[in-house]
There are 2 protein chains.
Amino acid sequence: MTTREIILNRALELFNLRGIENVGIRELATDLNIRPGNITYYFPKKEDILVELGKQLSELNSATIVKLENPSMTDFMERYRQVFNNHYEYRCLFLSFVSQMQQNKKLSENYGKVEKSRLEDFRKILNKLVEAGYLDTSVTEDDIEQLVSFLSLVARFWISESTVSYKKLSKKQAINHYLNLIGFVFSKHATIIGKKQINSFLSGL
Amino acid sequence: MTTREIILNRALELFNLRGIENVGIRELATDLNIRPGNITYYFPKKEDILVELGKQLSELNSATIVKLENPSMTDFMERYRQVFNNHYEYRCLFLSFVSQMQQNKKLSENYGKVEKSRLEDFRKILNKLVEAGYLDTSVTEDDIEQLVSFLSLVARFWISESTVSYKKLSKKQAINHYLNLIGFVFSKHATIIGKKQINSFLSGL
DNA sequence: ACATTTTTAGGACAACGTCCAAATTTATTT
DNA sequence: AAATAAATTTGGACGTTGTCCTAAAAATGT
């Protein structure tokens, strides 16, 4: 492992553990038994570490969100379960979501691009779920926009809320909580078979 | 206006404008043409300013959320519109929600108490909406829990998301967006008359 | 008028992100 | 193998931050 990778790995660990703002370059350096200026050599600004971690998360999600030909309702839920797991591994980014997006221009740019295409993907998936008879045909384009809005809100902030309000919950419990919420909202727009898949997915958590 | 009040008012303005973390005690002092130590006299720690602002928001919300005997679906939506307006006036708190809750013990305590009773209120309101025939009788206690979960997620993070993703939207537009989302979710659990009220409320925005 | 309390001022401290020049190690070329 | 070049590491510096502390000033009460 290169020095650069060592720094990135340990930074992610410490950031997840104690928050990005609460872990200084000096502390990270001490922890790694190197000098602060050495970190600065690989990452001139602290921001640059987070840009890299953001890319890692993005790639991780790209790897899990493989495009399916004929997605089922189960596939859809399972996909979100995996995305949530990925998010958790990089939870420090979400816990400082707003401040990072405001301060870190590059991270913000990267996230903006990825998220845009990601939402587009989910829009398509939802349309396919309608075509395939998992979501009601009464679901309009406008409804799909609302569902996508809902999904993006949950995806962005579930970690923040669970950290603040559901501290006692384990990772799995927290993820299940928000999967249940998604299932709850979606089942109201699902067909009978769609509802069945949601319920069996949720009860299998 | 006392020095203390002057500090609080201007602090809220600057915090809303540029973010809590980006406005230092020295800058606030310079802006007010007083000395930093003077602010420290009234608020020994920066945190203490935010504790006070948190109380102000809490009182503002308590004033707008008057308990209704027979709430209609319209009342419910109107209530949220007002809460969102209040939130916007204190948006700095929500934009630094997680970090404040983690660092600011007192603010966290206060928020915890208020939010707990607030959620309890909304639980009761939803039950009343069922009784009064605005929400389906098929709505179970479990459904109400999910709806409350949904509401609290939106309430906590709508400002964060709109700041990051919907920068161009005006205050009113942003609020309308999330009211629409709430209406969208709730209309699926509403009776015919409930749906009517939601739709007429949303179209009147 | 004096004495006491409240308020203001201004300088100090450690920690932070960042920067830079020198020293050291590693790689490349002769 | 020696000399040169490049990459890496070091250690100290700068300005800014929140916080703290002591003394001066103003306001208040007796």
Side-chain angles (χ1 to χ4, degrees), chain A residues 1-54 92-93 95-108, chain B residues 1-54 92-93 95-108:
Chain A
M1 235 183 352
T2 67
T3 306
R4 196 184 129 92
E5 289 169 333
I6 292 175
I7 294 173
L8 278 175
N9 290 346
R10 189 62 182 149
L12 178 59
E13 285 179 19
L14 291 180
F15 288 166
N16 278 341
L17 217 56
R18 310 223 325 280
I20 294 171
E21 299 82 1
N22 305 316
V23 179
I25 299 296
R26 286 174 180 80
E27 180 187 350
L28 177 57
T30 304
D31 183 281
L32 292 170
N33 195 28
I34 60 177
R35 260 35 63 191
N38 198 0
I39 296 179
T40 297
Y41 173 74
Y42 290 100
F43 304 98
K45 309 208 172 187
K46 191 179 179 181
E47 290 185 352
D48 299 326
I49 299 179
L50 295 153
V51 172
E52 202 52 40
L53 293 177
C92 61
L93 293 174
L95 291 174
S96 304
F97 188 68
V98 180
S99 61
Q100 285 302 319
M101 285 298 143
Q102 286 177 339
Q103 294 169 8
N104 198 326
K105 197 180 167 186
K106 231 171 220 169
L107 181 61
S108 164
Chain B
M1 233 183 352
T2 67
T3 306
R4 195 184 131 91
E5 289 169 333
I6 293 175
I7 294 173
L8 278 175
N9 289 346
R10 189 62 183 150
L12 178 59
E13 285 180 18
L14 292 181
F15 288 165
N16 277 341
L17 217 56
R18 311 223 325 278
I20 294 171
E21 299 82 1
N22 305 316
V23 178
I25 298 296
R26 286 174 180 80
E27 180 188 350
L28 177 57
T30 304
D31 183 281
L32 292 170
N33 196 29
I34 61 177
R35 259 38 60 191
N38 199 357
I39 297 178
T40 298
Y41 172 74
Y42 290 100
F43 305 98
K45 308 206 173 189
K46 192 180 179 180
E47 290 185 352
D48 299 326
I49 299 178
L50 295 154
V51 172
E52 203 52 40
L53 292 177
C92 61
L93 292 174
L95 291 174
S96 304
F97 188 69
V98 180
S99 61
Q100 285 302 319
M101 287 297 145
Q102 287 177 338
Q103 295 169 7
N104 198 326
K105 198 180 167 187
K106 232 170 217 167
L107 181 62
S108 164

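A note on names: the letters A, B, ... follow the listed sequences, proteins ahead of strands, and every chain is numbered from 1. Please read these numbers as outputs of a predicted model, since none were measured by experiment.
In this structure, A:Thr3 does not reach the D:dT8 phosphate: none of its side-chain N or O atoms is under 4.0 Å from OP1 or OP2.
Distance, A:Ile39 CD1 to D:dT10 P: 11 Å, rounded to whole Å. Rounding to whole angstrom units, OH of residue B:Tyr42 and C1' of D:dG18 are separated by 20 Å. Protein atom CD1 of B:Ile49 is 13 Å distant from nucleotide atom C1' of D:dT19, rounded to whole Å. Put simply, CG on A:Asn38 is 11 Å from C1' on D:dA7, counting in whole angstrom units. In this structure, B:Asn104 places its CG atom 10 Å from P of D:dT19, rounding to the nearest Å. Taking atom CD1 on A:Ile34 and atom P on D:dG11, their separation rounds to 12 Å, with Å as the unit. Computed from coordinates, the B:Ile20 CD1 to D:dG18 C1' distance equals 15 Å when rounded to whole Å. With rounding to whole Å, A:Arg26 atom CZ is found 10 Å from D:dA13 atom C1'.
If you take CD1 on A:Ile20 and CG on A:Leu12, they are separated by 9.5 Å, rounding to the nearest 0.5 Å. Taking NZ of A:Lys106 as the reference point, atom CG of A:Asp48 lies at 6.5 Å (rounded to 0.5 Å). The CD atom of A:Gln100 sits 11.0 Å away from the CG atom of A:Leu95 when rounded to the nearest 0.5 Å. Distance check, rounded to the nearest 0.5 Å: CD of B:Gln102 to CG of B:Leu107 gives 12.5 Å.
Checked by atom type, the side-chain pair A:Glu21/B:Ser99 shows no donor-acceptor distance below 3.5 Å.
Read 5' to 3', the first and last nucleotides of DNA chain C with an atom closer than 4.0 Å to a heavy atom of chain B are C:dT6 to C:dA12.
Using a 4.0 Å heavy-atom distance criterion, B:Gly37 is classed as a base contact.
Listed by first then second residue, pairs satisfying side chain to side chain donor-acceptor pair (under 3.5 Å) with a partner in residues 28-43 of chain A read A:Arg10-A:Asp31, not counting sequence neighbours.
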